[in-house]
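Take a look at the structure set out below.
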Amino acid sequence: MSSSLLRRVTVGFAALTGLLGTSLIGIQAAGAFTAPILVVDVDSGKVIYSQAPTDPWYPASITKLMTTYVALDLVRQGKVSLDSMITISAAAASEPPSKMGFRPGTQLTLDNALKIIMVKSANDVAYAIGETLGGSVEGFADQMNETAQRIGMRDSRWTNPNGLPDPRQWTSARDMAVLARALIRDFPDSHDLFSISAIQFGRAVMANHNGLLGRYPGADGMKTGFICSGGFNVVATASRNGRRVITIVMGQPSPRERDVKAADLFDYAFTQSAGWTSPTLDALPASALGAPPDIRPYVCGGKKPPAIDDGAGAVSAPGSAAQLIGGSAANSPALAMAAFSSSALRARTLPPRAPLQPIAVWVGRNPAEGQQILEAQENAQKAVAANTRAAKLEAAKAKREAALQAAKQARETRLEQAKAASAAKAAARPASKVAVKPTHGLPRNASAYTSVETPGMPEAKPGKGLSKPAAKPAAHKAPAKPEARKAEVKKPQGKKAAAEE
């Protein structure tokens, strides 16, 4: 290789490191770390690009790739089969989401269990796989660690089969590339397991969390993962023109950034050739870090954790890394990496997902048995719901009756209180003023017009004394003359004077 070509390759890798590093300035400022990134050619195992490839990192649900390898290896050894039954224990059913929510005692085949954990990333089912195949979760973790050492993983420590947070469990981008190559190499018949776009359980359809499937041309696997302490991770594979590439992206703040960055790295990788100067996975130097960084403050930071799946996808901005750099990319890594600084590229999103093609899964040994179990569970749920409704109605009726009885008692109490208050008021009222009976007054049956005989002068007899007998009515006679009337007027005065004398 000429010195000028070597310089161009060196400049290209330096540009890639700088530009991808620039996109992670916020992460570095928040916690002084570098998010692991690794791009590897599947056939040769040569590294096309790497950034912190051996740094320890919390794997989250990409752990389920390790769980799947151990399970398929046990099948290959004849110790179990894909038809072996996996039992959901009470401990498995209590695992937090993402989960299927199966009841304790539910059974399903190992084949269906593996499909579910690859698509739905169900923690309860992965836990049940570990318990059933390993005798216990701790026993299965021992098998995971033993298998990891055997296939060449040197940076990983496993304690559970589903990837839920555990400070003792971590891996590296390099180890996940080793695992991805081993799955492709050792189990070629299980290739479709990692590219299922969706599963259908009963009437429910669940899409794969891998946002590259059906959105990036050539994407054919494998698994995503997310916890706050490790961010959004993905182990992805894609094929183009007979060549297959593995891309690992870890520690991203959102699924969109994770998926877009993986797509851009695929675009770049398919324009490059891993020559003899490219390092192999085994040649990558060990990390100086003794434990994974906790990036929870950067990813979640007191906010509600981001959604695991970013839905149906947003409208894509035109262009990709390969389209932007054109035909000169293969001969100019520096120019290829300069494309990553494009504002249009940084802002772009993947196109909407292609129509889903769900694969049916079921509980029980076969679909017919699974349907019977689902119907029995549905009937049981209906019965429980009916009993709950009846109990609520009875409770409401009892509440109404109690309220009516309480209201009746309250009315009676108010009436009693009103009567008591009225009686008390009457007792406390002062005596009304009654006219005092006179000691010497009129008798009760006396009348104001009753005559009272007064002792004194005897009644005068007519003709004697001062009284005269009443004059007899005069006979009708002619009216008197005026002179006569005047004389009659003056006549009483003479009578009065005679009386006084």
Side-chain angles (χ1 to χ4, degrees), residues 13 16-17 19-21 23-24 27-28 31 33-42 44-66 69 144 148-149 151-158 163 169-184 194 210 212 219 221-227 229-238 244-253 255 257-266 268-269 272 274 278-295 298-299 340:
F13 278 108
L16 177 59
T17 303
L19 289 169
L20 289 181
S23 67
L24 300 172
I27 299 179
Q28 292 173 345
F33 60 85
T34 302
I37 292 175
L38 184 61
V39 184
V40 179
D41 183 85
V42 170
S44 65
K46 292 293 188 71
V47 175
I48 300 172
Y49 172 73
S50 68
Q51 176 177 288
T54 58
D55 281 1
W57 206 262
Y58 293 120
S61 282
I62 60 176
T63 296
K64 295 179 176 77
L65 288 173
M66 189 75 236
Y69 188 98
M144 294 170 72
Q149 290 292 323
I151 64 177
M153 301 170 71
R154 64 190 185 201
D155 304 318
S156 301
R157 297 164 45 174
W158 307 104
Q169 177 158 298
W170 66 67
T171 188
S172 69
R174 175 205 171 274
D175 274 14
M176 295 312 298
V178 170
L179 175 60
R181 291 188 72 225
L183 284 166
I184 294 169
F194 309 105
N210 187 345
L212 295 169
M222 289 192 162
K223 187 73 185 75
T224 63
F226 165 75
I227 59 173
S229 295
F232 289 87
N233 307 332
V234 65
V235 177
T237 57
R244 200 171 190 188
V245 172
I246 301 169
T247 293
I248 293 105
V249 178
M250 294 180 165
Q252 300 305 300
E257 292 183 54
R258 174 195 64 194
D259 296 343
V260 169
K261 188 161 292 183
D264 292 342
L265 289 165
F266 276 130
Y268 170 73
Q272 306 300 306
S278 300
T280 62
L281 290 172
D282 291 337
L284 292 174
S287 173
L289 298 180
D294 187 343
I295 65 171
Y298 171 68
V299 176
F340 282 96

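- A donor-acceptor contact shorter than 3.5 Å links the side chain of R181 to the backbone of V42.
- Comment: R174 does not engage D55 in a salt bridge, judged by the lack of any side-chain N to carboxylate O separation of less than 4.0 angstrom.
- For the atom pair NZ (K64) and OG1 (T224), the distance works out to 8.5 Å, reported to the nearest 0.5 Å.
- In this structure, V47 and L281 have side chains that are in contact, with non-hydrogen atoms separated by less than 4.5 Å.
- Contact check for L38 versus M176: no side-chain heavy atoms found under the 4.5 Å cut-off.
- From W57, atom CH2 reaches atom CD1 of I62 across 11.0 Å, with rounding to the nearest 0.5 Å.
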Would you check, one step at a time, whether the test side chain to side chain donor-acceptor pair (under 3.5 Å) holds for S156 with T171? CA-CA 4 Å; S156 301; T171 188; 2.7 Å; yes
With side chain to side chain contact (heavy atoms under 4.5 Å, CB included) as the test, would you mind laying out the steps for M222 and I246 before giving the verdict? CA-CA 9 Å; M222 289 192 162; I246 301 169; over 6 Å; no
M153 vs W158, test: side chain to side chain contact (heavy atoms under 4.5 Å, CB included). Steps then yes/no. CA-CA 11 Å; M153 301 170 71; W158 307 104; 3.9 Å; yes
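- Side-chain atoms of T54 come within 3.5 Å of backbone N or O of P285 as a donor-acceptor pair.
- Side chains of V249 and E257 form no contact here, defined as non-hydrogen atoms less than 4.5 Å apart.
- Looking only at side-chain heavy atoms (C-beta outward), S287 and P56 come within less than 4.5 Å of each other.
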Given side chain to side chain contact (heavy atoms under 4.5 Å, CB included), test Y268 with V39 step by step and report yes or no. CA-CA 10 Å; Y268 170 73; V39 184; over 6 Å; no
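- Pairing each heavy atom of P36 with each of A52, the nearest pair is CB-O, 3.4 Å.
- Here the shortest heavy-atom pairing between F266 and A236 reads CZ-O, 3.6 Å.
- Not one N or O on the side chain of S229 forms a donor-acceptor pair closer than 3.5 Å with the backbone of D294.
- Contact detail for P292 and W170: the closest heavy-atom pair is CD-CE3, 3.3 Å.
- L65 has its side chain within reach of F194: a pair of non-hydrogen atoms, C-beta onward, lies under 4.5 Å apart.
- Between V40 and A177, the closest heavy-atom pair is CG2-CB, 4.1 Å.
- Across every non-hydrogen atom of S50 and L284, the tightest pair is OG-CD2, 4.4 Å.
- A donor-acceptor pair is defined here as one N or O able to donate and one able to accept, closer than 3.5 Å; no such pair exists between the side chain of N233 and the backbone of F226.
- Side chain of D175 to backbone of D155: a donor-acceptor contact under 3.5 angstrom is found.
- The heavy-atom pair separating M250 from A35 by the smallest distance is O-CB, 3.3 Å.
- Side chains of V234 and K223 form no contact here, defined as non-hydrogen atoms less than 4.5 Å apart.
- The closest side-chain heavy-atom distance from I227 to Y58 is below 4.5 Å.
- At a threshold of 4.5 Å between non-hydrogen side-chain atoms, the residues L179 and L183 count as touching.
- Atom CD in Q169 sits 10.5 Å away from atom CE in M66 (nearest 0.5 Å).
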Quick one: do V178 and R154 satisfy side chain to side chain contact (heavy atoms under 4.5 Å, CB included)? Show the steps, please. CA-CA 10 Å; V178 170; R154 64 190 185 201; over 6 Å; no
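- Rounded to the nearest 0.5 Å, atoms CZ (R258) and OG1 (T247) are 13.0 Å apart.
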